[in-house]
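Just the heavy atoms: all of them, side chains too, but no hydrogens, waters or symmetry mates, feed the values below. Position 1 is the first residue of the sequence, and the numbers go up from there.
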Amino acid sequence: MIYKRIKHVREALNFSSQKDFSEALSMPSRTYQSYEQAKVKDIPHTFLEKLNLRYNISIEWLITGEGEMFLKKNRNNEEKDYIELTKQYLELLPYKQQEYYYHKIKSDVLEIEIKENTIINT
């Protein structure tokens, strides 16, 4: 289960407490605790991305448990690689979940654009 793998990541990175790890990830400790304790139905893709980009954690491993926890390749094109990997892993999910994440990602991107005032009013 992804919840156990999230805890495994924290322990592998030598964070003894959920609070310390949540602070290192710049997120509320209760939110992180809910992920690790399986109190959340769907872990946000932004959290998985944060683990991937900050600690080089394999998204494939987080989602499926297959492969290595830590990525070993050169990360010159990390954003492009992340997008491609995300597409591949989303295809493994049932159609309804794929649709959910598609709309979630679109709304997250739109929210960022609004916050950065990159949307031009027409």
Side-chain angles (χ1 to χ4, degrees):
M1 299 289 294
I2 192 168
Y3 313 103
K4 291 179 183 179
R5 288 188 288 277
I6 290 170
K7 179 179 180 180
H8 190 66
V9 166
R10 176 177 60 82
E11 292 170 343
L13 294 171
N14 295 318
F15 285 93
S16 59
S17 74
Q18 293 173 343
K19 184 179 180 203
D20 290 342
F21 194 44
S22 66
E23 288 174 2
L25 292 169
S26 302
M27 64 186 298
S29 60
R30 284 191 175 183
T31 301
Y32 175 78
Q33 288 171 356
S34 69
Y35 298 164
E36 190 175 301
Q37 296 172 356
K39 293 182 179 176
V40 173
K41 182 178 177 182
D42 294 307
I43 306 280
H45 71 89
T46 52
F47 176 73
L48 302 179
E49 178 182 0
K50 189 179 283 193
L51 290 176
N52 174 264
L53 295 175
R54 187 165 296 172
Y55 296 110
N56 210 28
I57 303 299
S58 166
I59 293 174
E60 176 182 14
W61 180 83
L62 282 167
I63 293 173
T64 67
E66 296 177 11
E68 298 293 323
M69 179 190 315
F70 294 99
L71 296 172
K72 296 180 183 176
K73 68 178 192 165
N74 187 350
R75 299 187 48 110
N76 291 335
N77 297 319
E78 66 185 28
E79 185 172 326
K80 185 177 179 182
D81 291 346
Y82 173 75
I83 291 169
E84 188 58 37
L85 284 172
T86 301
K87 287 179 185 177
Q88 290 174 8
Y89 301 131
L90 287 177
E91 289 172 0
L92 299 173
L93 297 173
Y95 177 76
K96 290 271 187 195
Q97 284 183 314
Q98 287 180 28
E99 190 174 292
Y100 166 80
Y101 282 112
Y102 170 77
H103 291 292
K104 176 71 173 140
I105 291 167
K106 279 185 74 172
S107 69
D108 288 352
V109 169
L110 183 60
E111 184 178 337
I112 291 168
E113 290 175 350
I114 290 169
K115 285 180 182 177
E116 293 176 352
N117 293 317
T118 57
I119 293 182
I120 299 171
N121 294 328
T122 56

Candidate pair Tyr3 and Tyr35, rule ring-ring contact (aromatic ring centres under 6.0 Å, His included), full reasoning: CA-CA 6 Å; Tyr3 313 103; Tyr35 298 164; 8.7 Å; no
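You'll find the side chain of Thr31 stays beyond 4.5 Å of the side chain of Val40, heavy atoms only. You'll find the side chain of Leu48 reaches within 4.5 Å of the side chain of Ile2, heavy atoms only. Looking at heavy atoms from C-beta onward, Gln18 lies in side-chain contact with Gln37 at the 4.5 angstrom threshold. Under the 4.5 Å side-chain criterion, counting only non-hydrogen atoms from C-beta, Ile6 is in contact with Tyr32. Within the 4.5 Å cutoff, the side chain of Glu49 has no heavy atoms near those of the Ile59 side chain. Side-chain contact between Ser58 and Glu60 is present, with at least one heavy-atom pair separated by less than 4.5 Å.
The line from CD of Gln33 to OG of Ser17 is 9.0 Å long, rounded to the nearest 0.5 Å. Here the CD1 atom belonging to Ile43 is positioned 10.5 Å from the CD1 atom belonging to Ile63, to the nearest 0.5 angstrom. Separating the NZ atom in Lys39 from the CZ atom in Arg30 is a distance of 9.5 Å, to the nearest 0.5 Å. Here the CG atom belonging to Leu62 is positioned 8.5 Å from the CE atom belonging to Met69, to the nearest 0.5 angstrom. To the nearest 0.5 Å, the span separating CD on Glu68 from CH2 on Trp61 amounts to 10.0 Å.
Remark: side-chain polar atoms of Asp20 are not paired, donor with acceptor, to backbone N or O of Phe15 under 3.5 angstrom. Looking only at distances, a side-chain donor or acceptor of Lys50 sits under 3.5 Å from a matching main-chain atom of Leu25.
Here the closest heavy-atom approach between residue Pro28 and residue Ser22 is recorded as O-CB, 4.0 Å.
The number of heavy-atom neighbours closer than 6.0 Å to CZ of Arg54, taken from other residues, nucleotides and ligands shown, is above 12.
Just one residue in the list Glu11, Lys4, Arg5 forms a side-chain contact (heavy atoms from CB on, under 4.5 Å) with Lys7, and that residue is Glu11.
Between Phe21 and Tyr55, the ring planes are tilted. Angles from 30° to 60° get that label.
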